[in-house]
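Some notes on the structure that comes next.
Numbering starts at 1 and runs along the sequence shown. Here the structure is a predicted model, which means the values were calculated and not measured.
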Amino acid sequence: MVVSVRRPQHTHLPRRRSGHTITVTIGAERFCLTANQRDDGSLGEVFIHWGKHGTSAAGLVSAYAIALSAGLQHHVPLAELIRAGLDQFFVPNGHTDDPEIPRVRSAVDYIARRLAIDWLPGAERAELGVYTLTERVHRASTWITACELATRRSVPPALRGA
């Protein structure tokens with residue numbers, strides 16, 4: 001019996017590609033995240049630089065970037081790749097200098113959130129619980145308005161004017 005095994009389709013990126021690099025400070029640590037796109041505009045590969053070359057920390061974030069890139073090149077959906085990174089907790093963590101993502105639980109949490117904000121549509125981000133600053137403000141104001149309406153409805157009409 002002959003069994004054929006179908007290998008995942010690997011897509012090579014063009015030699016020259018466009019993308020962007022974001023620098024962020026998490027706590028006292030500075031990171032650089034480079035995201036390059038395919039010809040169709042979708043995310044194709046990720047590079048992450050942190051700390052001194054050759055250190056364990058630099059190697060670990062580089063390995064994470066390689067894993068993300070390999071998944072992307074084999075057409076694994078970005079949402080599935082970053083889901084495991086969301087809310088990972090380890091140092092460095094805390095405040096960032098990125099106004100869209102003011103606080104994170106780790107560098108991996110930041111990278112997952114940044115990639116989601118930059119590369120996923122709003123509906124997919126919402127499924128992951130990742131929102132832009134504008135979306136968070138809108139959600140909060142909607143919640144506050146709903147609470148105010150609920151409070152007004154629960155107060156008897158005789159006491160509303162008091």
Side-chain angles (χ1 to χ4, degrees), residues 4-143:
S4 72
V5 176
R6 186 170 175 252
R7 298 190 68 182
Q9 187 67 22
H10 177 268
T11 304
H12 292 279
L13 293 169
R15 289 175 51 92
R16 184 180 188 101
R17 46 201 171 260
S18 60
H20 61 272
T21 300
I22 297 170
T23 58
V24 64
T25 302
I26 303 172
E29 301 289 333
R30 190 151 185 89
F31 293 81
C32 291
L33 170 65
T34 300
N36 290 327
Q37 63 186 16
R38 296 185 183 107
D39 287 336
D40 67 1
S42 63
L43 181 60
E45 66 184 353
V46 177
F47 298 95
I48 308 164
H49 299 282
W50 173 38
K52 186 176 175 185
H53 180 74
T55 63
S56 296
L60 287 171
V61 295
S62 181
Y64 181 56
I66 291 168
L68 289 171
S69 296
L72 291 167
Q73 290 169 5
H74 286 88
H75 301 284
V76 177
L78 178 59
E80 293 305 314
L81 290 172
I82 63 174
R83 185 183 312 277
L86 292 170
D87 295 322
Q88 288 290 315
F89 184 71
F90 53 88
V91 293
N93 57 31
H95 293 285
T96 77
D97 59 356
D98 184 338
E100 286 290 325
I101 309 168
R103 254 184 106 68
V104 293
R105 297 176 60 82
S106 66
V108 170
D109 182 42
Y110 175 81
I111 292 160
R113 290 176 188 285
R114 183 78 262 166
L115 291 175
I117 288 172
D118 290 347
W119 298 95
L120 291 177
E124 283 187 62
R125 284 189 286 103
E127 287 178 19
L128 294 170
V130 177
Y131 301 98
T132 64
L133 180 61
T134 304
E135 291 165 343
R136 285 193 308 270
V137 168
H138 177 73
R139 286 172 50 90
S141 65
T142 303
W143 180 79

Measure across [X] and [Y] and return the closest heavy-atom pair with its distance rounded to 0.1 Å.
{"X": "Ala126", "Y": "Tyr131", "value": "O-OH, 3.6 Å"}
{"X": "Gly54", "Y": "Ala58", "value": "N-CB, 4.5 Å"}
{"X": "Ala79", "Y": "Glu124", "value": "CB-OE1, 3.7 Å"}
{"X": "Pro99", "Y": "Leu133", "value": "O-CD2, 3.8 Å"}
{"X": "Gly85", "Y": "Ala112", "value": "C-CB, 4.1 Å"}

Do [X] and [Y] come within less than 4.5 Å of each other through their side chains, counting heavy atoms only?
{"X": "Leu72", "Y": "Glu45", "answer": "no"}
{"X": "Leu43", "Y": "Leu68", "answer": "no"}
{"X": "Arg114", "Y": "Glu100", "answer": "yes"}
{"X": "Leu120", "Y": "Ile82", "answer": "yes"}
{"X": "Val46", "Y": "Trp119", "answer": "no"}

Donor-acceptor contact present, side-chain [X] to main-chain [Y], <3.5 Å:
{"X": "Thr25", "Y": "Arg30", "result": "no"}
{"X": "Glu80", "Y": "Pro77", "result": "no"}
{"X": "Asn93", "Y": "Ser106", "result": "no"}

Q: Verify side-chain contact (heavy atoms from CB on, under 4.5 Å) between Thr21 and Leu33, making sure each step is shown before the conclusion.
A: CA-CA 5 Å; Thr21 300; Leu33 170 65; over 6 Å; no

Q: Check the pair Val24 / Asp97 against side-chain contact (heavy atoms from CB on, under 4.5 Å), numbers first and verdict last.
A: CA-CA 6 Å; Val24 64; Asp97 59 356; 3.3 Å; yes

Q: Check whether more than 12 heavy atoms from other residues, nucleotides or ligands sit under 6.0 Å from atom NE2 of His53, and answer yes or no.
A: no

Which value, rounded to the nearest 0.5 Å, describes the distance between [X] atom [atom1] and [Y] atom [atom2]?
{"X": "Ile22", "Y": "Cys32", "atom1": "CD1", "atom2": "SG", "answer": "10.5 Å"}
{"X": "Ile111", "Y": "Ile26", "atom1": "CD1", "atom2": "CD1", "answer": "7.0 Å"}
{"X": "Arg113", "Y": "Ile117", "atom1": "CZ", "atom2": "CD1", "answer": "8.0 Å"}

Q: Go through Trp50 and Leu60 one step at a time and tell me if the side-chain contact (heavy atoms from CB on, under 4.5 Å) criterion holds.
A: CA-CA 9 Å; Trp50 173 38; Leu60 287 171; over 6 Å; no

(Q) With a 4.0 Å cut-off on N to O distance, would you call Arg125 and Asp118 a salt bridge? (A) no

**Q.** Steps toward side-chain contact (heavy atoms from CB on, under 4.5 Å) verdict (Phe47, Asn36)
**A.** CA-CA 9 Å; Phe47 298 95; Asn36 290 327; 3.6 Å; yes

